[in-house]
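Indexing begins at 1, ligand by ligand and atom by atom, following the structure's order.
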Amino acid sequence: MGGLDRFYFGTNTKMYKTIAETASFLAELAELTRKIDREKAALFVIPSFTALQTAGPIAREGEILLGAQNMGWEAEGPFTGEISPRMLREVGVEIVEIGHSERRHVLGETDEMENKKVLCALENGFRPLLCIGETAEQKRDGIADEILRIQLKRGLRGVSAAQAAERLLIAYEPVWAIGAGGTPATREYAGEKHGVIHAALCELFGAECGGQIPVLYGGSVNAENAVGLAKTPGIDGLFIGRSAWVAKSFYGIITAVLNTL
Ligand code: PGA
């Protein structure tokens, strides 16, 4: 738990759910979480592009923030295969996920590309969710802190303190912790890295603005480790993959965490 009033719970469904599957997942999640005070818990779901239009009204009705998994950095142009901010706004997107480890390490995105997307997301009124994290090799070589600081400084170049305080979200997702082959970070390790990230954000934006930026932890969060991670100082939310893709399981994690915070 960080120093903020609201705790964040989010999931990115990656390339797993169809339109119909997304719609029923969201509808069930909205129903299950109806009584949860959104001043205390912010919920968000990031489905596939094709599901966004159908998901929009269900998410809005259920007070679940809707996100996109990626975004091109121009309003329009010859960018085959990209989706522009105008298109995402049209379908009610509020959060744009930028630089997930799969985009960086499988699809070759760089900090410079993430930076263009962050600036474009801010210009267009979205909340950018910038994902950062070190690989297993970088961790082994003892340069995790340096990598996190580089990803923040490069990824956030040109962002103002006011924009950061108002709209920026960060997810710390160590690459070695993500997905079926991943090992979740221990509370101690995650807490230490969240400390490094919060310090870098204060350095970039000043203590007052930097201190208002939520930093979420992601990477093999599950029903067993969620409460421990959520109680760790510096962790302002949980960004969950596999363990959140069944609405009841996601709800189970949300209530377990809220009951202990
Ligand atoms: P995971 O995914 O929870 O399935 O490890 C996390 C993520 O990729 O954001």
Side-chain angles (χ1 to χ4, degrees), residues 7-17 21-22 25-26 29 42-49 51-52 55 64-71 93-109 114 117-118 121 127-136 138-139 144 147-148 151-152 155 168-187 189-191 193-194 197 214-230 232 235-254 256-257:
F7 197 82
Y8 285 77
F9 297 92
T11 185
N12 151 26
T13 64
K14 307 192 182 183
M15 201 175 73
Y16 285 101
K17 288 188 190 289
E21 288 162 355
T22 303
F25 169 71
L26 265 172
L29 186 66
L43 311 185
F44 66 89
V45 171
I46 310 185
S48 304
F49 285 129
L52 287 173
I64 296 167
L65 300 165
L66 185 67
Q69 295 180 17
N70 184 27
M71 184 188 70
V93 162
E94 290 165 271
I95 294 174
V96 177
E97 181 178 3
I98 294 166
H100 184 274
S101 95
E102 287 144 21
R103 303 242 27 118
R104 291 177 188 263
H105 300 289
V106 183
L107 294 152
E109 289 188 9
E114 315 311 2
K117 295 181 190 196
V118 167
R127 296 195 70 177
L129 168 62
L130 178 67
C131 304
I132 59 171
E134 80 283 6
T135 64
Q138 291 162 341
K139 176 174 182 265
I147 294 295
L148 297 176
Q151 289 177 336
L152 288 172
L168 181 63
L169 297 162
I170 301 290
Y172 169 56
E173 301 201 286
V175 181
W176 46 269
I178 294 175
T183 334
T186 60
R187 285 184 67 174
Y189 189 88
K193 297 306 168 220
H194 277 248
I197 294 166
V215 182
L216 285 56
Y217 171 80
S220 293
V221 174
N222 57 41
E224 283 74 52
N225 62 22
V227 169
L229 285 162
T232 303
I235 296 186
D236 305 303
L238 297 174
F239 192 25
I240 313 172
R242 291 155 296 151
S243 301
W245 295 340
V246 169
K248 278 197 184 68
S249 313
F250 192 15
Y251 175 64
I253 291 177
I254 296 168
V257 167

| query | Heavy-atom contact under 4.0 Å between Ser220 and ligand 1? | reply | yes
| said: Taking distance alone, with N or O pairs closer than 3.5 Å, would you say Glu173 contacts ligand 1? | reply: yes
| field | ligand 1 atoms in contact with Lys14 (distance to a heavy atom under 4.0 Å) | value | 2 (O), 7 (C), 8 (O)
| Parallel, tilted or perpendicular: rings of His194 and Tyr217 (30°, 60°) | tilted
| said: With a 3.5 Å distance limit and no angle check, can you tell me whether Ser220 reaches the backbone of Ala177 through a side-chain donor-acceptor pair? | reply: yes
| field | Numbered atoms of ligand 1 (with element) below 4.0 Å of His100, judged on heavy atoms | value | 7 (C), 8 (O), 9 (O)
| Can Ile178 be said to touch ligand 1, with heavy atoms closer than 4.0 Å? | yes
| Within the side chain of Gln69, is there an N or O that forms a donor-acceptor pair under 3.5 Å with the backbone of Lys14? | yes
| task | Tell me yes or no: between the side chains of Trp245 and Thr11, is some donor less than 3.5 Å from an acceptor? | result | yes
| note | Numbered in order shown, the ligand 1 atoms found under 4.0 Å of a heavy atom of Gly179 are 1 (P), 5 (O)
| query | Can the ring centroids of Phe44 and Phe239 be said to lie less than 6.0 angstrom from one another? | reply | yes
| So is there a nitrogen or oxygen of Arg242 less than 3.5 Å from a nitrogen or oxygen in ligand 1? | yes
| Residue pairs involving residues 172-181 (criterion salt bridge (Lys or Arg N to Asp or Glu O under 4.0 Å); sequence neighbours excluded) | none
| task | Return a yes/no value for Gly241: is any of its N or O atoms, backbone included, closer than 3.5 angstrom to an N or O of ligand 1? | result | yes
